[in-house]
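A short worksheet on the structure shown next.
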Amino acid sequence: MKEKNTGTDKTYNPKTSEEKWYAEWVSSGAFHADHLRQGEAYSIVIPPPNVTGSLHMGHALNVTLQDVLIRYARMNGRNTIWVVGTDHAGIATQNVVERELKKEGIARQQLGREAFEERVWKWKEQSGGTILHQLKRLGAACDWERERFTMDEGLSRAVKEAFVRLYEKGLIYKGRYIINWCPRCHTALSDLEVSFEENKGSLWHIRYPEEAGGEGIVVATTRPETMLGDTAVAVNPKDERYAGMIGKTLRLPLMNRLIPVVGDPMVDREFGTGAVKITPAHDANDFEVAMRHGLPSVRVIDDSGIMTLDAGSWAGQDRFACRESVVAKLAEDGLLVREEPYVNNIGRCYRCQTIVEPAESMQWFVKTKPLAEPAIEAVRSGQTRIIPAQWEKTYFEWMENIRDWCISRQIWWGHRIPAYHCSACDKTIVDAEKPSKCPYCGQQDPKQEEDVLDTWFSSGLWPFSTLGWPDKTAELERYYPTTVLVTGFDILFFWVARMMMMGLECTGKVPFRDVVLHALVRDAKGEKMSKTRGNVIDPLEVIDKFGTDAFRFTLVILAAQGRDIRMSDDRVEGYRNFMNKLFQAGRFVMMHADETTARELPKNLTVVDRWIFSRLQRVIDEIRKGIEEYRFNDAGHAFYHFVWHEFCDWYLEMIKPSLEPEVAAQDRERQRAVLLRAYETIMALGHPFIPFITEELWHTLPGDHGLLYDTRYPSSDAAVIDADVEKDMEYLMDVVRAVRNIRSELNVPPSRKVEIRLKGQSDRLSFLKEHEEILRRLPRAEQVVYVNSDYIPKGDATAVVNGIEVCVPLAGLIDFDQEAKRLRKEIDKSNAELARVTGQLRNDKFIANAPEDIVETLRNRQAALEEKLEKLGKNLELVSGYLS
RNA sequence: GGGCGGAUAGCUCAGUUGGUAGAGCAAUGCCCUUACAAGGCAUGGGUCGCAGGUUCAAGUCCUGUUCCGCCUACCA
């Protein structure tokens with residue numbers, strides 16, 4: 001069924017295996033969740049990308065991390081489900097389609113609501129959801145048979161149900177308040193949907209004369225145009241400057257209206273002039289003041305940002321033109337006291353960047369306080385963990401100061417609010433099903449609310465609506481609460497917080513056990529990627545260039561908790577090289593292992609084998625721990641280092657002698673089996689990170705393999721860990737390194753074989769003797785000889801490892817000057833360390849307070865250094881003899 | 001205004017109970033040694049932002065401080 005790699009390719013080619021294996025995974029049904037399958041449930045719902053979206057770096061990181069978790073869980077025998085789908089993204093999508101229409105010269109109003117909605121659906125069918133196909137390029141093990149859309153039938157039902165339930169509990173209400181209005185999108189926005197930025201504007205001081213003819217009061221404002229709608233001036237009742245003014249009447253300039261001075265503690269005496277103009281219809285604070293004092297409200301800016309008829313002669317002007325004009329007129333009238341530069345924050349619509357206008361308006365709200373309480377408690381009690389934990393504080397902060405959530409939007413694309421108005425009795429009927437007549441007065445055909453719900457209302461239900469809620473489905477029973485939610489910290493409030501509230505309210509359970517928040521992916525310079533900056537790196541291009549696995553591994557390695565990621569081609573290239581390394585190691589394995597190679601691990605392992613397996617156990621633990629604690633970079637690094645710098649650099653080199661034809665067949669076969677087994681384990685270990693190449697190589701290996709996706713993840717066996725063997729091997733490697741160092745530093749040509757003379761106590765030499773072949777092969781030595789204690793390494797280059805002297809005779813070749821330099825460097829290094837160690841050991845307080853094992857280690861270190869220095873010193877003397 | 005994060009090798013960053021500072025890339029030297037030049041071997045490089053404190057011992061804990069970045073907020 002599968003094409004086997006013939007071993008002729010010199011490098012790994014990702015393209016062919018990626019397509020092949022994704023198709024294979026899907027068609028085998030491996031990604032499809034079955035609630036009847038055994039194993040503890042492990043569930044993830046994907047943060048649904050917007051239907052309008054296309055894959056960007058943020059998705060790539062997000063999806064990769066989830067895929068690592070899902071594959072890992074699956075390989076550990078869990079019953080996994082990864083729910084996938086898209087979000088209808090109300091305003092964003094509507095804007096996209098409106099822009100399209102505009103190209104045809106049509107405004108949505110001309111089209112009418114129904115036709116427009118149809119148009120959006122058509123657009124969604126055609127170009128929406130391409131992002132989901134792009135996820136496949138990443139290898140995402142999503143359950144495509146359960147793909148959902150926030151506006152599909154089931155989820156729409158969930159939305160209506162949730163709305164009705166909340167309404168009936170009094171948690172949803174309708175009322176006139178100040179909301180954020182986008183004059184471009186023509187809709188209300190929630191507080192979160194407004195992003196603030198610093199703006200260098202002015203603070204204008206304007207005199208409001210007293211009606212009676214006095215000086216009046218000077219107010220300060222950043223938005224003079226709103227004065228046309230002023231209905232009062234407020235001062236702090238404790239402010240002595242205005243002690244006599246409260247209750248007096250002022251004449252509102254330009255409008256010639258009479259307005260009162262009121263006293264309100266909200267006013268900060270320190271700011272500006274200590275007097276605030278009150279515009280109840282266009283400022284949230286002023287609105288509250290007006291409520292407290294029973295002041296009227298005058299809307300002077302309309303839904304499009306144009307001055308209303310109530311703005312007098314400014315009616316019809318744009319709000320910003322009006323500002324200039326008002327200021328000019330005030331100056332002309334001598335009422336502009338002064339204008340000072342002032343930096344304040346202005347809010348912009350997060351979808352279209354238009355400056356938002358606070359406006360009094362009739363809207364629907366969710367009463368959030370009662371919902372926030374359990375959501376806070378759930379995190380406080382640990383039912384849901386937020387990782388990294390530092391985000392919990394931010395979460396609490398926001399939840400504790402939460403304000404009611406404006407959920408109605410005056411757009412057409414979205415879930416229409418399931419509320420109906422009876423024109424006869426003026427009552428509101430909230431019902432999931434459209435009532436045929438008013439239940440209060442019997443009037444026929446009540447009219448449905450025009451507004452739709454905030455997109456985040458439906459996404460707030462995502463973890464359970466996708467599993468069938470409000471029905472009690474088997475999936476909901478099996479997979480909810482979900483195990484982990486992986487998302488960017490930027491939507492902690494927008495989405496995570498809302499899911500917590502809605503989940504607890506609707507299901508009585510938290511929506512997820514763990515919330516893993518990852519950071520942003522930036523460009524190589526650390527700048528946020530954006531179309532306007534032109535620094536966007538397209539994940540698909542990276543994949544085309546380097547392969548999915550290299551790309552995924554880069555993301556994993558860079559995904560240190562909570563830290564932003566800087567992405568660049570150079571990075572990916574480095575890990576592409578790692579993929580090739582894995583591939584090359586595979587070729588090596590395939591050169592030696594074949595169908596006849598034993599499937600089981602042989603019993604009588606060599607020390608070298610025991611070493612690599614001992615190390616392997618530790619690495620398995622490290623990787624497992626890393627993934628389980630969401631420390632993906634730790635896991636990735638552990639894998640990388642082990643594969644490249646232990647398995648490839650040392651192990652493969654060390655076993656080469658035992659794979660050669662002259663080795664006894666039995667031993668050779670044994671070695672092949674061990675090699676194959678170790679490599680198989682590596683493939684399995686790497687699979688969650690780099691699924692394609694591992695699956696490919698897995699099937700290239702001799703023997704019948706099922707999908708690696710469905711194979712058990714390696715577990716460590718403590719009994720296989722052998723600290724003594726690890727220590728011995730470290731020693732052996734140190735000797736090899738010492739000889740290599742001599743060769744390199746003294747410029748011994750690689751072609752030239754050397755002799756190694758070892759001098760030292762026999763018990764320290766015995767291990768080296770047992771592995772003489774390695775000692776010969778790796779540093780390219782002709783022979784190893786063991787010399788007596790009276791041997792004088794005249795004309796040798798020397799090093800000291802573990803108390804034995806490693807001598808390399810270089811008759812005629814040695815540069816004594818160079819060798820003396822080399823020895824001195826080593827002596828200096830050891831001396832420096834010895835000084836540190838001795839200093840510490842001379843400290844009585846250290847001896848008295850430090851734990852015994854620490855002191856012991858240091859003493860051993862001291863002894864070893866002294867021994868080493870003594871020998872190095874003698875050898876240096878010897879070399880110096882030749883110099884003088 | 002409040003909160004959070006960062007400051008460690010030339011660059012980008014790890015460093016989880018305090019116990020001799022690590023990686024990748026870059027750099028330097030030598031090598032086409034039959035798995036791999038997308039490679040191998042070896043080497044150089046850091047007073048861990050600054051100032052105090054706790055401790056036998058601090059990159060790691062505490063206090064203060066400077067410079068960046070982000071989030072949040074009803075000073076008009």
key: B/G45 versus B/U28 - spacing of their P atoms, nearest Å   = 16 Å
query = When you look for runs of 3 or more Watson-Crick or G-U pairs in a row, both distances below 3.5 Å, which of them include RNA chain B?
reply = B:1-7 with B:66-72, B:10-13 with B:22-25, B:27-31 with B:39-43, B:49-53 with B:61-65
query = What does A/R743 touch in the nucleic acid at a heavy-atom separation under 4.0 angstrom: a base, only the sugar-phosphate, or nothing?
reply = nothing
key: Residue A/R566, side-chain atoms from C-beta onward, closest of B/U12, B/C56, B/A38   = B/U12
request  = Scan A/R740 against the nucleic acid and name what it touches under 4.0 Å (heavy atoms): base, sugar-phosphate only, or nothing.
outcome  = sugar-phosphate
inquiry  = Under 4.0 Å, heavy atoms only, any strand: does A/K656 hit a base, just the sugar-phosphate, or nothing?
reply    = base
Electrostatic pair A/R861:A/E833 at N-O distance under 4.0 angstrom = yes
request  = Classify the ring geometry between A/Y640 and A/H645 as parallel (under 30°), tilted (30 to 60°) or perpendicular (over 60°).
outcome  = perpendicular
remark   = Each nucleotide of nucleotides 70-76 of chain B classed B (base within 4.0 Å of a protein heavy atom), S (only sugar-phosphate) or -, in 5' to 3' order, makes --SBBBB
query = Relative to each other, are the rings of A/Y342 and A/F271 parallel, tilted or perpendicular (30° and 60° limits)?
reply = perpendicular
key: C1' atoms of B/G22 and B/C32, separation to the nearest Å   = 32 Å
inquiry  = Counting the atoms with a prime plus P, OP1 and OP2 as sugar-phosphate, which does A/E653 contact under 4.0 Å by heavy atoms, base, sugar-phosphate, or nothing?
reply    = base
inquiry  = Measuring only the P atom in each nucleotide, how far is B/A58 from B/G19? A whole number of Å is fine.
reply    = 11 Å
key: Atom C1', compared across B/U8 and B/G24: separation rounded to whole Å   = 15 Å
ask   = What distance, rounded to whole Å, do you find between the two P atoms, one in B/C50 and one in B/U66?
value = 15 Å
ask   = Given the C1' atoms of B/A27 and B/U47, what is the spacing between them in whole Å?
value = 23 Å
inquiry  = Taking the ring centre of each residue, are A/F546 and A/F551 less than 6.0 Å apart?
reply    = no
task = Describe the nucleic acid contact of A/D564 in one word from base, sugar-phosphate, nothing, applying a heavy-atom distance below 4.0 Å.
result = nothing
ask   = Is the A/F639 ring parallel, tilted or perpendicular to the A/F578 ring (thresholds 30°, 60°)?
value = perpendicular
message = Between A/E653 and A/R777, does any side-chain N to carboxylate O distance fall below 4.0 Å?
response = no
query = Could you write nucleotides 17-28 of chain B as a row of B, S and -, 5' to 3', where a protein heavy atom under 4.0 Å of any base atom gives B, of only sugar-phosphate atoms gives S, and otherwise -?
reply = --BB---S----
inquiry  = For B/U43 and A/N741 - does any side-chain N or O of the residue sit under 4.0 Å from the phosphate oxygens OP1/OP2?
reply    = yes
inquiry  = Please classify the nucleic acid contact of A/L558 as base, sugar-phosphate, or nothing, using heavy-atom distances under 4.0 Å.
reply    = nothing
ask   = Choosing from B/A35, B/A38, B/C31, which nucleotide comes nearest the side chain of A/P750?
value = B/C31
inquiry  = I'd like to know if A/K581 reaches the base of B/C36 with its side chain, counting only an N/O donor and acceptor under 3.5 Å.
reply    = yes
